[in-house]
Amino acid sequence: MLDIRLRSRPGATSFEADIKSYARTRHWSAALHSFQESSKLHSHVSESLYTSIISAQGKGRQWQRALALLSEMWSAKLEPNVISYSAGISACEQSGQWLQALALLGDMPEAKLEPDVFFSYSAGISACGKGEQWQRALALLSQMGEAKLEPNVIFSYNAGISACEKGEQWERALALLREMREAKLERSIISYSAGISACEKGEQWQRALELFDRCGRRSSSAPSFSYNAAISACEKAEQWQRALALFGQMLEARLEPNVIEFALPGVASRTCDRGIVVR
DNA sequence: ATAGGGTTAG
């Protein structure tokens with residue numbers, strides 16, 4: 001009996017668990033609803049719970065809600081910290097609201113918070129990239145340099161390369177890769193993949209393949225991304241033999257191509273009809 | 001001790 005009553009009015013921890021599991025399973029509005037219930041029942045809602053729910057709103061592309069929750073924190077006498085702000089910036093980024101993302105980033109010093117290289121800046125740079133604001137993305141990158149936000153700027157560099165890619169600035173993307181090398185920053189498979197994609201958009205398939213060779217395409221983190229970008233570059237340049245060769249290499253390396261990778265070299269219909277590999 | 005996002009293809 002007692003158990004049932006306890007369950008019908010769950011405590012804070014149970015709400016937290018519920019909310020997080022809703023967020024994991026992408027039930028954003030259920031997460032928010034659960035959160036609102038929990039706010040009603042408990043006088044105190046933790047910063048971390050607010051941050052989780054802000055993040056969940058971002059994933060559900062509900063940037064207005066995310067921003068509203070962030071300002072609600074102040075009225076609830078909670079102090080949003082770097083993590084809360086980063087979640088907010090990220091929410092704006094995911095919703096394509098680069099201006100809002102930059103506004104939040106700019107608000108941080110006023111709240112006596114120092115933007116974090118790992119998340120605040122990279123989310124802001126990504127937001128600019130998505131909004132086709134590569135100049136602003138690069139401005140943020142150099143702003144970080146001035147603020148001496150070293151050494152782990154790899155994430156931000158990668159976001160910057162991607163911003164150049166989206167803005168069709170392949171030369172600048174390559175320049176960033178070079179800068180990374182000079183600064184002795186580790187260029188991950190992600191850095192290279194973003195660079196390859198930039199070359200692809202700029203119709204520089206030879207350069208794309210050069211980068212592909214350089215990145216080693218070993219099974220580090222997500223090698224299929226770099227294969228994908230390289231195959232796509234060949235496909236755009238009508239280098240179908242090369243695209244097929246890369247595709248073959250992918251199979252040899254025991255990477256499982258997905259449907260799109262099948263489609264790219266123009267072999268999709270034949271191979272897929274025979275039901276090979278694709279699941 | 002509890003939260004936060006670095007890439008791509010169609």
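Scope of the values below: all heavy atoms of this structure, side chains included, with no hydrogens, waters or symmetry mates. Throughout, a chain's letter reflects where its sequence line sits, starting with A, and its residues are numbered from 1.
For A:Ser120, whose side chain is taken as the heavy atoms from C-beta onward, the closest listed nucleotide among B:dA9, B:dG6, B:dG4 is B:dG4. Of the candidate nucleotides B:dA9, B:dG5, B:dT2, B:dA9 has the atom lying nearest to any side-chain atom of A:Ser232. Distances were taken from every side-chain heavy atom of A:Glu165 (C-beta onward) to each of B:dG5, B:dA9, B:dG6; the shortest belongs to B:dA9. The side chain of A:Phe225 has B:dT7 as its nearest neighbour among B:dT7, B:dA3, B:dG4. For A:Phe119, taking side-chain heavy atoms from C-beta onward, the closest of the listed nucleotides B:dA3, B:dG5, B:dT7 is B:dG5.
A:Lys59 meets the salt bridge (charged side-chain N to carboxylate O under 4.0 Å, His left out) test with no other residue; sequence neighbours excluded. Shown here are the side-chain contact (heavy atoms from CB on, under 4.5 Å) partners of A:Thr51, two or more places apart in sequence or in another chain: A:Ile83, A:Ser84, A:Ala87. Under the rule for a salt bridge (charged side-chain N to carboxylate O under 4.0 Å, His left out), A:Lys166 has no partner lying at least two apart in sequence or in another chain.
One atom, CD of A:Glu47, and another, P of B:dA1, lie 14 Å apart when rounded to the nearest Å. Residue A:Trp240 contributes atom CH2, which lies 21 Å from atom C1' of B:dA9 at whole-angstrom precision. We find that CG of A:Leu246 is positioned 14 Å from C1' of B:dT8, with the value rounded to whole Å. Atom pair A:Leu255:CG and B:dA9:C1' shows a separation of 15 Å (rounding to whole Å applied). Separating the CG atom of A:Leu105 from the P atom of B:dG5 is a distance of 15 Å, rounded to the nearest angstrom. Between the CD atom of A:Glu235 and the C1' atom of B:dT8 there is a distance of 13 Å, rounded to whole Å. Rounded to whole angstrom, the span from the CD1 atom of A:Ile231 across to the C1' atom of B:dT8 amounts to 11 Å. Between the CG atom of A:Leu104 and the C1' atom of B:dG4 there is a distance of 13 Å, rounded to whole Å.
Taking the six-membered ring for Trp, A:Tyr227 and A:Phe212 have ring centres closer than 6.0 Å. Taking the six-membered ring for Trp and the full ring otherwise, A:Phe247 and A:Phe262 have centroids separated by under 6.0 Å.
Atom CD of A:Glu238 is surrounded by 12 or fewer heavy atoms from other residues, nucleotides or ligands within 6.0 Å.
Counting only residues at least two apart or in different chains, side-chain hydrogen bond (donor to acceptor under 3.5 Å, both in side chains) contacts with residues 64-79 of chain A comprise A:Tyr50-A:Glu72.
Within the 4.0 Å cut-off from OP1 or OP2 of B:dA9, at least one side-chain nitrogen or oxygen of A:Lys201 is found. Phosphate proximity of B:dT2 to A:Thr51: absent, as no side-chain N or O sits under 4.0 Å from OP1 or OP2.
Between A:Lys40 and A:Glu37, at least one side-chain N (NZ, or NE/NH1/NH2) sits under 4.0 Å from a carboxylate O, which counts as a salt bridge. No salt bridge links A:Lys236 with A:Glu203; every basic N to acidic carboxylate O contact stays at or beyond 4.0 Å.
When heavy atoms are screened at a 4.0 angstrom cut-off, A:Ser46 is found touching no nucleic acid atom at all.
In the region residues 130-137 of chain A, proximity to DNA chain B at under 4.0 angstrom, judged on heavy atoms, holds for none of the residues. Residues of residues 80-96 of chain A having a heavy atom closer than 4.0 Å to DNA chain B, listed by number: A:Asn81, A:Val82, A:Ile83, A:Ser86, A:Ser90, A:Glu93, A:Gln94.
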What do the steps show when you test A:Ser188 against A:Ser191 for side chain to side chain donor-acceptor pair (under 3.5 Å), and what is the final call? CA-CA 5 Å; A:Ser188 67; A:Ser191 329; 3.3 Å; yes
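Side-chain to base pairing of A:Ser126 with B:dG5: one donor and one acceptor N or O lie within less than 3.5 Å of each other.
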